Amino acid sequence: MKRNYADLHLRPDLRNSELVIRMIKKASELGYCLIAIPFPQNFPEERIRKLQNICREYKTDFVSRVDLKPQTSNELIRSLRKLRRRFEIIAVICESKHVARQAAKDRRVDLLNFSFYSPRKRFFDKAEAELASNALASLEIDVKPLLTLQGPTKTRLLSSLRREVAIAEAFHIPIVISSGAPNELLMRKPRETAALASLFDLEKVSAMKAISENSMAIVKRNKEKLSPNFVAPGIRLIRGGEDC
Amino acid sequence: MLKKVRRRYLALKIDSEETFGSRDFMGAVWDAVSRLYGEYGASQTGLALIDYDAEKKFAIIRTVHTTVDKVRAALASITRIGDKPVAIHVLKISGTIKALHKKIKQ
């Protein structure tokens, strides 16, 4: 069966609409059938719809995403309350331990993302994984820093990623690999992305899952939750009207 | 007994607005392999340039079948040739050049 690949983290400059279209086209050419672009919290709905239509032209599914970068856990909770129903994917870029812990245990968070510049700001340890294993969050790894960083910074990042991947697998936390690309030259084919994942000892089968099944599962789950027929997990409205 | 070397041929597309000479291209590939896997790792790949078309931005390289994934990762990690931005994508992989050309035509 043919796999469906997803890139949940394309990061074009939204002010440059030509670049956005080029990246959507490129994603389609490279074999991705679903993409997500992070939007600012107050981004107009009609522009999101417009992008959805452009994606449809290139036979690619599109989901909206928001990247939260809260300073405190209370700020995170407030943002989640406000935005969960507006965006299909919510990622939290954890810049402090408190935020990381709150994000890991909150079932409204889909993706946990950590700073790649400083290993001290990567808070994905066993405690974090244990919290995440009781919630729904996945660990997101961007490929972009693997392409742009060089020397000791890259070596340290690879070492951190290797440890985090081992912890995530031990606690059965889904891993999602995304490009994090700001332009089309930093986008890679799904198999190339999987090959790059071997640098931090993620096996080929797991890497392929990380760019297909794991990402798709998040989108499917959230689309179902955001549909007007959703009542609660396992309960949905099948038919409405007086004769029910 | 000596094991027979099984080779793999990779058809590559060079994604860039600039054109490069074959020397620059192979230099970047060797650089990337050595940077990621060291000189020892690079020596195991048996890399060789088979075909190169600067105008069509197309190349065929050869490697050993056990190091295909390493070479794929190294190619993916290339972001520049000289100081010009570039991306290299693997189009097809095959065990013979003839089969590779057939696959590309399909």
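Only a predicted model underlies this, so the values are computations on that prediction, with no experimental measurement involved.
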So, applying side-chain contact (heavy atoms from CB on, under 4.5 Å) with B:Val29, which one of B:Ile81, B:Ile78, B:Leu49 is it?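 Only one option passes, and that is B:Ile78.
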
So what's closer than 4.5 Å to chain A heavy atoms on [X]: side chain, backbone, both or neither?
{"X": "B:Ile88", "answer": "backbone"}
{"X": "B:Val71", "answer": "neither"}
{"X": "B:Ile93", "answer": "neither"}

Partner chain B: residue of A:Met187, A:Arg191, A:Glu192, A:Glu184 with the largest heavy-atom pair count (under 4.5 Å):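 Result: the option with the highest number of such pairs is A:Glu192.
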
State whether A:Arg122 and A:Glu164 are salt-bridged, where the test is any N-O pair (Lys NZ or Arg NE/NH1/NH2 against Asp/Glu carboxylate O) under 4.0 Å.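 Looking at A:Glu164 together with A:Arg122, the answer is yes, because their closest N to O distance falls below 4.0 Å.
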
N-O pairing of A:Lys26 and B:Asp15 below 4.0 Å: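 Yes, charged N to carboxylate O under 4.0 Å.
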
Salt bridge (Lys or Arg N to Asp or Glu O under 4.0 Å) assessment of A:Arg3 paired with A:Glu213: CA-CA 8 Å; A:Arg3 272 179 197 266; A:Glu213 280 104 319; 2.7 Å; yes

With chain A as the partner, which of B:Ala73, B:Ala76, B:Ser16 has the greatest number of non-hydrogen pairs under 4.5 Å?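 Heavy-atom pairs under 4.5 Å are most numerous for B:Ala76.
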
Check for a donor-acceptor pair, side chain of A:Arg188 on one end and backbone N or O of A:Leu185 on the other, with a separation under 3.5 Å.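 Yes.
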
Using heavy-atom distances under 4.5 Å, tell me whether [X] contacts chain B through its side chain, its backbone, both, or neither.
{"X": "A:Leu186", "result": "side chain"}
{"X": "A:Leu146", "result": "neither"}
{"X": "A:Lys144", "result": "neither"}

Testing the basics here: between A:Tyr58 and A:Ser28, what is the closest heavy-atom pair and its distance to 0.1 Å?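 Closest approach of A:Tyr58 to A:Ser28, heavy atoms only: O-OG, 2.9 Å.
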
